[in-house]
A.B. asks: 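Just passing along the structure, written as structure tokens.
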There are 2 protein chains.
Amino acid sequence: MPTIRDVSQLAKVSQATVSRVLNGTAPVSRSKREAVLAAIERLAYQPNTFARSLATNRSHAIGALVSELSSAAYGDIVRGIESVIEERGMHLVVSSGHARSDVELSSFEFLKERRTDALILQIDATDDDDLVEWVRKSDLPVMIVGRLIHAIEERCVYLDNVTGGAIATRHLLERGHRRIAHIAGLKRLADARDRLTGYRRALAEADVAYDESLVAEGGFIEDGGYRAMEELLERGAGFTAVFASNDQSAAGALKALRQAGLRVPDDVSLVGFDDLFIAHYLHPALTTVRQPFAEMGQAAARLALMSLGIDEEKEVTRRFEPVLMERDSVAAR
Amino acid sequence: MPTIRDVSQLAKVSQATVSRVLNGTAPVSRSKREAVLAAIERLAYQPNTFARSLATNRSHAIGALVSELSSAAYGDIVRGIESVIEERGMHLVVSSGHARSDVELSSFEFLKERRTDALILQIDATDDDDLVEWVRKSDLPVMIVGRLIHAIEERCVYLDNVTGGAIATRHLLERGHRRIAHIAGLKRLADARDRLTGYRRALAEADVAYDESLVAEGGFIEDGGYRAMEELLERGAGFTAVFASNDQSAAGALKALRQAGLRVPDDVSLVGFDDLFIAHYLHPALTTVRQPFAEMGQAAARLALMSLGIDEEKEVTRRFEPVLMERDSVAAR
DNA sequence: ACTCTCTCTGAAACCGCTTTCAGACATTGT
DNA sequence: ACAATGTCTGAAAGCGGTTTCAGAGAGAGT
């Protein structure tokens, strides 16, 4: 592998000059610049990243820690991050936390060892206080995506989940539904709590009393949604619509409804949340609240680049607004 | 940040000794080792990756180039890779090719610049010959996953797609179907051609004549599957079952069948391929041929580690066998 | 007691780049 | 013509590890 020395000798200049034309850090006369470029070309020289990083103490890479790489949602976030940083010639190092706080911690430490220039976290299991601690103690910029933590709000990119929950619920209210069930996510998760809050807020706005028996916890998974729906049906609470706190639990709920002989949307209307890939594929296609994962990943990456002083971007959106995606799972009552 | 010098001074030994206890590259007396470990602990010392890489010319990272990070299938591959290499303390650098050969090439070059220790490619657009060239010219180990290229077979981890196509088709034959349509992938892709070959082979085994009018090209996307199914219906070729070459095109086909007023599986049986996430979520749940993406990613990673001499693994499976996943989209005729 | 191993150890070179610093040269102003 | 300024340039000192090499000391064998 040719080194900068080889280039400098071939071009009959010093290594410093080669470095300067490579990085544009100082003016170089036209003739020397051309000689250097020719030599680089000729030798097919590629600077050694390791040496460069050692000298500059910059890795030109960003680390991303996500819950699960193979999930459509988190994959979109990663894709968003990637698109932004590759544009700046930076690489992306990934690791996943598998929704377990111990794994999240060790992955976090693991990524820090690599000394990426910044870190973007999308994790669920670690609680707010710990996360704040991590961010505070880190000597590199850390951004949080998909979650709002007030103490470090300026480092968070998040969706307005309260509004999202309200949008979903309002949509059902507007279609004439009054008995609206809710399949909630785990109370531990702020996202889930916020969506529930939005649900209650929309109900209150419409003067519909909040009825606890219409709410069941399903978690954010299909199976949980299935069981929550079974429970709601057993309770005999009598509802005409359901707002599931994410698309996966909506899919589970759909399955349970179908097994109970109820048709969607004819007998029961259903709204999901997230607008994952699967929302299209379900039958009926799921009306849901869209969360722009890729854009959120991009925003997080931009913020990271900004705190590195690489990006001079004017303003980056940190708070994203949910949008209702109307499909076929809601009928007017 | 403390350096190895700080550690050596605090422990009253040379840097060489610290390095030795860090890497276990040479025996160190018990007393010194303990002094060193204590100093490391005390200073919270973390070796500088850049310096280490520069000295050893190893990055302790593996690069993965995948078609699309946000796809469930490719995400699973990445997850498989990650699980294996993190176990060995190595990091994963990712980039995506977006199914465009120019992007694939530039991403490939981009990853090489980073000097990861090995590269794992899962890409569609670049053709076999170019890929062979890339692998041959690279000075680092390159593995291919999800694709078989005979010239570099030993670097490929792949599914036996011919058998897969045959399994799907045989399943329909066994259920009494004789007029079996096929929604093919793009002829450009070996995977697609192989699945078609498997389809024809199974038909031949059962003495069912191959009928060209029962085959339509749908590509590996939902929309393509939808249109291919429309075309098949228009042709009026009269079939009782369909083998779609992947789950996405099966989903599209399902939609078209439903719009045509045909019920699955009562009127038409349907088999997909890949066993993506969505196969569960479709209604009826899709019977499909499973491709073990995560395991294939793991295998590719193991092979990479083996060619780096890191892993002493005995034997790694490179050829994976497809498995039929029976669900609800097939009925006996 | 003396050599011969064997086990540890530290000094120093090296990995390939960036950056400082001082100086060479050309240009400008007076 | 001379000083003052500005533009380029190269030597050399890092960056923080690993590894070679030679040597010190301990134990074994005669």
Side-chain angles (χ1 to χ4, degrees), chain A residues 1-37 39-40 43-61 89 91 112-117 139-140 309-310, chain B residues 1-37 39-40 43-61 89 91 112-117 139-140 309-310:
Chain A
M1 279 258 130
T3 71
I4 201 172
R5 277 207 60 174
D6 302 323
V7 174
S8 70
Q9 288 174 352
L10 183 59
K12 301 205 199 315
V13 298
S14 70
Q15 298 184 27
T17 299
V18 177
S19 172
R20 289 193 264 255
V21 344
L22 238 30
N23 303 301
T25 44
V28 172
S29 71
R30 189 191 172 86
S31 62
K32 301 221 174 199
R33 183 201 324 288
E34 280 168 2
V36 167
L37 292 173
I40 287 176
L43 297 172
Y45 167 73
Q46 276 194 337
N48 182 314
T49 332
F50 307 146
R52 193 194 285 247
S53 288
L54 178 57
T56 58
N57 199 31
R58 302 277 256 85
S59 67
H60 293 276
H91 288 267
K112 282 205 298 189
E113 274 171 34
R114 168 107 307 195
R115 305 199 185 205
T116 53
D117 297 335
D139 37 5
L140 50 88
I310 292 174
Chain B
M1 278 257 135
T3 73
I4 201 171
R5 276 207 62 175
D6 302 324
V7 174
S8 69
Q9 288 174 351
L10 183 59
K12 300 205 199 317
V13 300
S14 69
Q15 299 182 26
T17 300
V18 177
S19 172
R20 290 193 264 256
V21 344
L22 238 30
N23 304 300
T25 44
V28 171
S29 71
R30 187 191 174 85
S31 62
K32 302 220 173 203
R33 182 201 325 288
E34 280 169 0
V36 167
L37 291 174
I40 287 176
L43 297 172
Y45 167 73
Q46 276 194 336
N48 181 314
T49 333
F50 307 145
R52 194 194 286 245
S53 288
L54 177 58
T56 58
N57 200 30
R58 303 279 254 85
S59 67
H60 294 277
H91 287 267
K112 282 206 298 189
E113 273 171 34
R114 168 109 303 195
R115 308 204 181 201
T116 52
D117 296 335
D139 38 6
L140 72 163
I310 292 174

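Chain naming here is simple, since letters A, B, ... match the order of the sequence lines and numbering starts at 1 in each.
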A.B. asks: B/Y45 has an atom OH; how far is it from atom C1' of D/dG16, in whole Å?
C.D. replies: 7 Å
A.B. asks: Please give, in whole Å, the distance from D/dT19 P to B/N57 CG?
C.D. replies: 11 Å
A.B. asks: Test A/V18 against every option in A/L37, A/V13, A/N23, A/D6 by the side chain to side chain contact (heavy atoms under 4.5 Å, CB included) rule and name the one that passes.
C.D. replies: A/V13
A.B. asks: Do B/L140 and B/D117 touch side chain to side chain, with heavy atoms closer than 4.5 Å?
C.D. replies: no
A.B. asks: Starting from P on D/dG16, measure out to CG on B/L43 and report it in whole angstrom.
C.D. replies: 14 Å
A.B. asks: Are any of the side-chain heavy atoms of A/N57 and B/M1 separated by less than 4.5 Å?
C.D. replies: no
A.B. asks: Quick check: on DNA chain D, is the nucleotide nearest B/L54 upstream (toward 5') of the one nearest B/T25, or the reverse? Name the residue that is more 5'.
C.D. replies: B/L54
A.B. asks: Sugar-phosphate means primed atoms, P, OP1 and OP2; the rest is base. With that split, encode nucleotides 5-14 of chain C 5' to 3' as B, S or - using protein heavy atoms under 4.0 Å.
C.D. replies: ---SBBB---
A.B. asks: Just call it for B/N23: base, sugar-phosphate, or nothing, with non-hydrogen atoms closer than 4.0 Å on any strand.
C.D. replies: sugar-phosphate
A.B. asks: Between B/T56 and A/T56, name the one whose nearest nucleotide on DNA chain C is closer to the 5' end.
C.D. replies: B/T56
A.B. asks: Over how many whole Å does the gap from B/R52 atom CZ to C/dG16 atom P extend?
C.D. replies: 18 Å
A.B. asks: For A/T3, which contact category applies under a 4.0 Å heavy-atom criterion: base, sugar-phosphate, or nothing?
C.D. replies: sugar-phosphate
